[in-house]
Enquirer: 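One structure is given below, represented as structure tokens, and several questions about it will come after.
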Protein chains: 2
Amino acid sequence: MRDRAIPEATVARLPLYLRSLVEMAERNVHTVSSEQLAEAAGVNSAKVRKDLSYLGSYGTRGVGYDVEYLIYQVRRELGLEQAWPVVIVGIGNLGRALANYDGFEERGFRVAAVVDADLAKVGEPIGPLAVEHVDDLERIVKEHGIAIGVIATPAAAAQEVCDRLVAAGVSAILNFAPALLQVPTGVSLRKVDLSTELQILSFHEQRRAAVDLVRQQVAAQRPRQRAGRDGG
Amino acid sequence: MRDRAIPEATVARLPLYLRSLVEMAERNVHTVSSEQLAEAAGVNSAKVRKDLSYLGSYGTRGVGYDVEYLIYQVRRELGLEQAWPVVIVGIGNLGRALANYDGFEERGFRVAAVVDADLAKVGEPIGPLAVEHVDDLERIVKEHGIAIGVIATPAAAAQEVCDRLVAAGVSAILNFAPALLQVPTGVSLRKVDLSTELQILSFHEQRRAAVDLVRQQVAAQRPRQRAGRDGG
DNA sequence: ATATGTGAAAAGGTTCACAGCA
DNA sequence: TGCTGTGAACCTTTTCACATAT
């Protein structure tokens, strides 16, 4: 063990474990088994053990994991010991919602600035902040030591905003615009795409409908005593 | 080919291809090679070909794919020939933003109703709709033939809302609340978790910082002529 | 007695590389 | 000639199953 390279799939699950662990700590649970954590996080216990083993040997055989200590270790691994300052670019419906979302503050992030290209919006108060102009990005990023940018602009503006963020020194970007962004190597990029998610659901929904239809047809045929060859 | 079971990973990419294809159609591009589509969607071309081959043999060797026809086929596979009616539950910052998001309408979904548990919000206009009460979910779902529910409530309310949606007959759920939802088999569930995404970025950011630190140290040591063993 | 940590096997996904076809 | 469609190789991720530790 101690390969010093945590698989991406594991990294993506650490926030899930962290959330479950924090809930447990709030309920004064001090020890947790991989089985219990798996249940809480909705995965299987072998996965929990393997994932946690990448962080180190923090469990006790026959006992389980100390909740507080595991929270500490997962936070450390995720780089959440500090609260990262974040800039949100694009103050439309979504940007405004994100800026006002309490979850960020609660989970290790601080909205340090909100920015828009529309001069009419500059100065508008968003919680304790005021909207600043996108042209000031470089100064804003430097001033607040911002490392993470959130893009909530229309798709057409997203790449330019992305380029500006990168030029200003931001090296992690979360993109909500339905557009494919190009970033230089060394910059990490993730995207959240609402319509993609819905379209994936649509696929399964439509498939379910198709299956139901076949079932109905089969049911309708049965009384008429049509022979064999049942669909798998 | 024609295995009649499209891998989940492929399903998740179809919306991406669809978006690129629609953009091409708008630019009056009539034919596309796997190489070009790969470029547009940010994946590699073998993947595009394999993914599309699960839908059928819709390309022409030596030529490429007909854009319009491929759009038709991808839409059909994703079940996007109809506009699915969607209900949004939880009209806070995020729910309001989602309800007003044009992207849904543009991509095969129709916000048919918006719902909240807070009586003070009932009747409030959201675009062309008015907020209805969550107790009326069953009627609303039946009335509009809603198959997809979007949960934008606080985490604490999410499971109850989810149960109510399922009881009302909804069989696909998109969850924005930072909570693990339990659904019966046969109901599809996807989640969008903003802070999880940020935490994954944080991991990479922190790792980058660590690497930079090592680089700095190495650079600082070099002038002092410390010997060998350079970090990979 | 009980639950971790981990090799090994299985499953799933990606990429290569080229035969096959327009 | 040029690009698709796809077996085969490769890599990643998941799951199994058990030796190991308390």
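The chains referred to below are lettered A, B, ... by the order of the sequence lines, with proteins before strands, and numbering in each begins at 1.
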Enquirer: Counting primed atoms plus P, OP1 and OP2 as sugar-phosphate and everything else as base, spell out the protein contacts along nucleotides 15-22 of chain D at 4.0 Å heavy-atom distance: B, S or - for each nucleotide, 5' to 3'.
Expert: BBB-BBBB
Enquirer: Can you name the nearest heavy-atom pair linking B:Cys162 to B:Gln182, along with the distance?
Expert: SG-O, 4.0 Å
Enquirer: Establish, from distance only, whether the side-chain atoms of B:Arg107 and A:Thr196 form a donor-acceptor pair under 3.5 Å.
Expert: no
Enquirer: What is the separation between atom CD on B:Gln36 and atom C1' on D:dG2, rounded to the nearest whole Å?
Expert: 12 Å
Enquirer: Nearest-Å distance, CG (A:Leu70) to P (C:dA3)?
Expert: 16 Å
Enquirer: In whole angstrom, give the distance that lies between atom CG of A:Leu52 and atom P of C:dG5.
Expert: 8 Å
Enquirer: In whole Å, what is the span from the CG atom of A:Asp66 to the C1' atom of C:dA3?
Expert: 15 Å
Enquirer: To the nearest Å, give me how far apart OH (A:Tyr58) and P (C:dG5) are.
Expert: 10 Å
Enquirer: Quick one: which of C:dG5, C:dA3, C:dG13 gets closest to the side chain of A:Ser53?
Expert: C:dG5
Enquirer: In whole angstrom, what separates A:Glu35's CD from C:dT4's P?
Expert: 8 Å
Enquirer: Round to the nearest Å and state the distance from A:Glu8 atom CD to D:dT14 atom P.
Expert: 12 Å
Enquirer: If we only count heavy atoms from C-beta on, is the A:Tyr17 to A:Arg13 side-chain gap below 4.5 Å?
Expert: yes
Enquirer: Given C:dG5, D:dG5, C:dT4, identify the nucleotide with an atom nearest to the side chain of A:Ser57.
Expert: C:dG5
Enquirer: Is there a side-chain contact between B:Leu18 and B:Leu78, using heavy atoms and a 4.5 Å cut-off?
Expert: yes
Enquirer: So, A:Gln73 versus A:Tyr69: side-chain donor-acceptor pair below 3.5 Å or not?
Expert: yes
Enquirer: So, OP1 or OP2 of C:dT4: does either fall under 4.0 Å of a side-chain N or O from A:Ser34?
Expert: yes
Enquirer: Going through the distances and angles, do A:Val170 and A:Arg164 end up as a side chain to side chain contact (heavy atoms under 4.5 Å, CB included)?
Expert: CA-CA 9 Å; A:Val170 168; A:Arg164 283 184 180 215; over 6 Å; no
Enquirer: Identify whether the distance between the nearest side-chain nitrogen and carboxylate oxygen of B:Glu197 and A:Arg190 falls below 4.0 Å.
Expert: yes
Enquirer: Any side-chain N or O of B:Tyr65 below 4.0 angstrom from OP1/OP2 of C:dA22?
Expert: no
Enquirer: Can you tell me how far P of D:dT4 sits from CG of B:Asp51, to the nearest Å?
Expert: 13 Å
